[in-house]
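Here is the structure we will look at, set down as structure tokens.
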Amino acid sequence: QEQNPNVITWFDELPYAWVPDPCSRTFMFNTLVEPWNDPEMRWAINYAIDRDQIVEIAYEGTTLKSRHFFPAYPPLDALVDAAIEAGAWDLDQLWTTDPAKAKEIIESKGYVMNDSSGYYEKDGEELGLEITTHEAFIEKQRIAAVLVEQFQAVGINATNRNEAGGTWNDNREMGNFESQMNWEGCASVNEPWASSDLFNTKWVKPQGERSSQNEGRWSGEKADQYSALIDEMGVLPLGDPRVEELFIEASKIFFEELPIIPVTQAKKIIPFDTTYWTGWPTFENDYLHPPTWWQSTHAIIHNLEPTGAQ
């Protein structure tokens, strides 16, 4: 705006960006890879994460931390509110950054700190964690860079590797990864089933076979219980009160197991120039979301009014 005061974004001040995009940002484990097949170790990773620091450093304050893998849209927020109120998961626990707790869990699994390297070891092997990111998506790379520092601070020799888009996606679907910083859970916008079903055990394939969903290959007794609840939800009509009940029950299992970790809401800084046209969507004029690369763009165009400027 210093160069062009007629440029506007969704918000007039921080976070400026339109938040959220439908695909929240999540940290996904390959649950076939030890020790991340252990839910307690996955929770250790969660305790190492400082989401406020990620928002501050990776996003420069332009987004919000996530309560769930859903985008923070009103119909989904209502479900999340109900589930948290029912005790399906403890939001304070999810958002707690506790390096000491992370170390306590790691050490309970038999890992011992090597004071020379600063990393944990077990049976002669160093505890590491490779985070792969898509080379085209700077946002996820910036998150991963912060995560690497946070994980190393608790004694995990974490690294980040960028991969070409095709390679990254193939490795994701074939299960050839240890962890990914991605957007797993992207589907729901006004009801819970579409995203929740992505973690259904019906999608699980052996490592080396292509899987279109549940690429983290979350499975086992708890995952099967979760999947049965989601299957029951999937045949109900929208508005059925049983949908919320099933979501709450399934959420208890999901957050106990934590196959993916909700990190942040996705943001998009979409500038509009009001020199010649007004009526662009903003937080104050929120008749529509602002992306111009979706099929709804025509509705934005129809809403614009000329300013008369030459």
Side-chain angles (χ1 to χ4, degrees), residues 1-27 49-78 80-81 95 97 133-150 160 162 165 181-183 185-190 262-310:
Q1 288 182 327
E2 290 181 1
Q3 297 180 23
N4 182 354
N6 295 328
V7 171
I8 61 171
T9 55
W10 184 251
F11 289 109
D12 292 334
E13 53 190 24
L14 282 173
Y16 299 114
W18 171 62
V19 181
D21 173 274
C23 301
S24 73
R25 303 322 187 199
T26 54
F27 183 81
I49 295 175
D50 185 338
R51 291 170 177 79
D52 291 320
Q53 188 179 66
I54 290 170
V55 170
E56 178 184 357
I57 296 175
Y59 287 91
E60 300 180 54
T62 59
T63 194
L64 308 169
K65 54 190 180 181
S66 289
R67 303 188 299 165
H68 190 276
F69 56 75
F70 287 158
Y73 292 162
L76 300 175
D77 275 346
V80 170
D81 289 341
W95 279 358
T97 303
T133 46
H134 191 300
E135 67 173 0
F137 300 137
I138 303 300
E139 177 189 356
K140 271 71 79 180
Q141 294 169 30
R142 288 169 64 97
I143 298 170
V146 179
L147 290 175
V148 165
E149 296 291 331
Q150 293 176 352
N160 173 216
N162 285 328
M181 188 60 229
N182 61 19
W183 53 93
C186 179
S188 292
V189 292
N190 64 353
V263 180
T264 55
Q265 293 292 298
K267 61 94 175 179
K268 296 287 186 291
I269 296 181
I270 305 171
F272 295 114
D273 191 324
T274 60
T275 302
Y276 302 105
W277 299 92
T278 60
W280 303 102
T282 65
F283 180 73
E284 299 296 335
N285 185 25
D286 60 346
Y287 64 91
L288 193 64
H289 39 240
T292 55
W293 54 93
W294 294 350
Q295 293 178 348
S296 55
T297 303
H298 67 90
I300 297 176
I301 294 172
H302 293 160
N303 197 69
L304 298 180
E305 296 289 342
T307 65
Q310 299 296 318

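Start at 1 with the first residue, then count along the sequence.
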Checklist outcome for this item: Interatomic distance, CZ@Phe272 vs CG@Leu304, rounded to 0.5 Å, equals 8.5 Å
Next on the checklist: For Phe283, I'd like to know if atom CZ has over 12 heavy atoms of other residues, nucleotides or ligands within 6.0 Å.
Outcome noted: no
Checklist outcome for this item: Rounded to the nearest 0.5 Å, the CD atom of Glu149 sits from the CG atom of Leu147 at a distance of 10.5 Å
Checklist entry - Trp183: what forms a ring-ring contact (aromatic ring centres under 6.0 Å, His included) with it, not counting sequence neighbours? => result Phe137, Trp168
Item to check | CG on Asn182 to CZ on Phe27, rounded to 0.5 Å | outcome: 9.5 Å
Next on the checklist: Let me confirm one number: the CZ-NZ distance from Arg25 to Lys140, rounded to the nearest 0.5 Å.
Outcome noted: 3.5 Å
Checklist entry - What's the spacing between Trp277 CH2 and Asn303 CG if we round to 0.5 Å? => result 12.0 Å
Checklist outcome for this item: Residues Thr274 and Thr307: closest non-hydrogen pair is O-CG2, 3.5 Å
Checklist outcome for this item: On a heavy-atom basis, the closest approach of Pro20 and Ala72 is CG-N, 3.5 Å
Checklist entry - With sequence neighbours left out, which residue pairs that include part of residues 62-75 fulfil the salt bridge (Lys or Arg N to Asp or Glu O under 4.0 Å) condition? => result Asp52-Lys65, Arg67-Asp77, Arg67-Asp81
Checklist entry - With sequence neighbours left out, what residues match Gln53 under side-chain contact (heavy atoms from CB on, under 4.5 Å)? => result Asp50, Ile57, Val146, Gln150
Checklist entry - How would you list, by chain and number, every residue that makes a side-chain contact (heavy atoms from CB on, under 4.5 Å) with Ser24, sequence neighbours excluded? => result Thr26, Ser66, Phe69, Gln265
Checklist entry - Partners of Gln141 by side-chain contact (heavy atoms from CB on, under 4.5 Å), sequence neighbours excluded? => result Thr133, Ile138, Asn162
Next on the checklist: Please check this pair: side chain of Tyr287 against backbone of Ala299, looking for a donor-acceptor N/O pair closer than 3.5 Å.
Outcome noted: no
Item to check | Sequence-distant partners of Tyr59, ring-ring contact (aromatic ring centres under 6.0 Å, His included), two or more places apart | outcome: none
Side-chain donor-acceptor contacts of residues 3-14 below 3.5 Å, not counting sequence neighbours, with atom names and distances?
residue : atom : partner : partner atom : Å
Asn4    : OD1  : Asn6    : N            : 2.9
Asn4    : ND2  : Asp273  : OD2          : 3.0
Asn6    : ND2  : Thr275  : OG1          : 2.9
Thr9    : OG1  : Phe11   : O            : 2.8
Thr9    : OG1  : Tyr16   : O            : 3.4

Next on the checklist: Given Val55, which partner from the list Ile143, Val263, Thr63, Leu64 fulfils the side-chain contact (heavy atoms from CB on, under 4.5 Å) test?
Outcome noted: Thr63
Checklist entry - Which residues satisfy the salt bridge (charged side-chain N to carboxylate O under 4.0 Å, His left out) test with Lys268, sequence neighbours excluded? => result Asp21
Item to check | Exercise: identify the closest heavy-atom pair between Ala17 and Lys267 | outcome: CB-CB, 3.8 Å
Next on the checklist: Which residues pass the salt bridge (charged side-chain N to carboxylate O under 4.0 Å, His left out) test with Arg142, not counting sequence neighbours?
Outcome noted: Glu60
Item to check | Qualifying residues under salt bridge (charged side-chain N to carboxylate O under 4.0 Å, His left out), relative to Asp286, sequence neighbours excluded | outcome: none
Show me, pair by pair, the donor-acceptor contacts under 3.5 angstrom made by side chains of residues 288-296, not counting sequence neighbours?
residue : atom : partner : partner atom : Å
His289  : NE2  : Ser296  : OG           : 3.2

